[in-house]
Amino acid sequence: MKILEVESLNVYYGAIHAVKNVNFFIKKGEIVSLIGANGAGKTTILKTVSGLIKPKSGEISYKGLDVLKTKPYELVNLKLAHTPEGRKIFTELTVEENLEMGAYTLTNDKMHENIKKMYDMFPRLKERKKQLAGTMSGGEQQMLAIARSLMSEPEVLLLDEPSMGLAPLLVQEIFEIIKMINKKGVTILLVEQNANQALSISDRAYVLETGEIILNGSGEELLNNSMVKKAYLGG
Ligand code: ATP
């Protein structure tokens with residue numbers, strides 16, 4: 001079942017045509033990646049799907065619902081969550097307070113239940129629950145950003161460059177976490193510059209170049225595609 005479908009999407013910033021006639025879909029339970037170089041339009045697509053940017057034309061349907069006619073805060077209730085690029089956590093709040101901020105649609109009991117779940121999933125956050133988020137390492141902040149998104153119990157998680165700026169060992173850890181979240185039943189749309197890692201964990205992926213999808217296939221197919229190897233895998 002297609003849980004999210006994007007058709008003929010066009011997004012402009014003034015005169016810049018950032019997303020050109022983009023079509024893609026995600027089936028329930030999948031990990032799907034959008035890969036591509038800097039400025040290819042990946043972030044713009046995620047922001048458009050989560051209602052933060054209005055496209056010039058196109059259709060986005062989420063669980064059969066017309067996203068472009070739905071307000072962003074209503075999308076939260078529809079269990080679609082977005083972890084933005086650059087870990088937009090609240091640096092002056094503690095880890096636990098950040099998690100609470102992710103739970104504004106929940107009852108108090110549910111919030112505490114979910115904070116406990118997040119601490120089970122991310123023991124490092126539990127150890128640091130009273131620490132100011134801004135003083136944590138890059139990897140820990142990324143974990144917190146993901147955990148905060150999961151507080152609202154999304155069915156679909158949009159993840160923007162979770163590995164950005166992390167040391168190789170932590171990159172590995174973040175991708176393991178993404179796989180684990182998916183195994184728990186969350187459908188994932190992943191935007192990454194780290195094509196190798198992203199394709200390795202993806203069921204399917206789309207390759208974007210200057211706003212256009214130029215290729216799509218299973219993660220494995222794309223890992224073995226000579227054009228992808230040359231342009232994105234350094235081979
Ligand atoms: P990166 O991996 O570097 O984040 P990206 O694939 O996510 O790149 P986008 O951030 O979606 O790419 O940008 C797509 C294009 O739109 C780029 O040419 C970018 O300069 C342009 N762009 C993005 N945001 C704006 C904005 N607010 N105003 C004008 N142009 C923008």
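Worth knowing before you read on, the calculation uses all heavy atoms, side chains too, and leaves out hydrogens, waters and symmetry mates. In each ligand, atom 1 is the first atom listed, and ligand 1 is the first ligand listed.
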Protein contact of atom 12 (O) of ligand 1 - nearest heavy atom, named by residue and atom, plus distance: Gly41 N, 3.1 Å
Check ion pair Arg124-Glu127 (N to O, under 4.0 angstrom): no
Taking only heavy atoms of Thr43 into account, list the atoms of ligand 1 that are under 4.0 Å away from them. 4 (O), 5 (P), 7 (O), 10 (O), 11 (O)
I'd like to check which ligand 1 atoms, numbered from 1 as shown, lie under 4.0 Å from a non-hydrogen atom of Gln193. 1 (P), 2 (O), 3 (O)
Answer yes or no for atom 20 (O) of ligand 1: protein heavy atom present at a distance under 4.0 Å? no
Taking the six-membered ring of Phe122 as reference, does the NZ or CZ atom of Arg128 fall below 6.0 Å from its centre and within a 45° cone about the axis? no
Heavy-atom nearest pair, Ala195 first then Ile35, reads CB-CD1, 3.8 Å
Is any side-chain heavy atom of Met101 closer than 4.5 Å to a side-chain heavy atom of Glu97? no
Just to check, does Glu161 reach to within less than 4.0 Å of ligand 1 when the distance is taken from its heavy atoms? yes
Could you tell me, atom by atom, which parts of ligand 1 come under 4.0 Å of a heavy atom of Ala37? 6 (O)
Which ligand 1 atoms does Ala18 reach within 4.0 Å, using its non-hydrogen atoms? 15 (C), 16 (O)
Report, in ascending order of atom number, the atoms of ligand 1 lying under 4.0 Å from any heavy atom of Glu85. 4 (O)
Side-chain ion pair, Glu113 and Lys116, N-O less than 4.0 Å: no
Among protein heavy atoms, which lies nearest atom 3 (O) of ligand 1, and at what distance? Asn38 ND2, 2.7 Å
Which atoms from ligand 1 have a heavy atom of Thr44 less than 4.0 Å away? 9 (P), 11 (O), 13 (O), 14 (C)
May I ask whether Gly211 has any heavy atom positioned less than 4.0 angstrom from an atom of ligand 1? no
Protein heavy-atom partner closest to atom 26 (C) of ligand 1 - residue, atom, separation in Å: Tyr13 CD2, 3.4 Å
For Ala40, is at least one N or O under 3.5 Å away from an N or O on ligand 1? yes
Note the single closest protein heavy atom to atom 8 (O) of ligand 1, along with its residue, its atom name and the distance in Å. Gly39 N, 2.7 Å
For Gly29 and Thr187, which heavy atoms make the closest approach, and how far apart are they? N-OG1, 2.7 Å
Would Gly36 count as a contact of ligand 1 if the rule is a heavy atom under 4.0 Å away? no
Hphob cluster co-occupancy, Val186 + Leu189, side-chain heavy atoms under 4.5 angstrom: no
Between Thr70 and Tyr62, a side-chain donor and acceptor under 3.5 Å: no
side-chain hydrogen bond (donor to acceptor under 3.5 Å, both in side chains) for Asp160 and His82? Distances and angles first, verdict last. CA-CA 8 Å; Asp160 198 349; His82 183 175; 4.8 Å; no
Testing Lys63, Lys184, Lys79 for salt bridge (charged side-chain N to carboxylate O under 4.0 Å, His left out) with Glu155, which one passes? Lys63
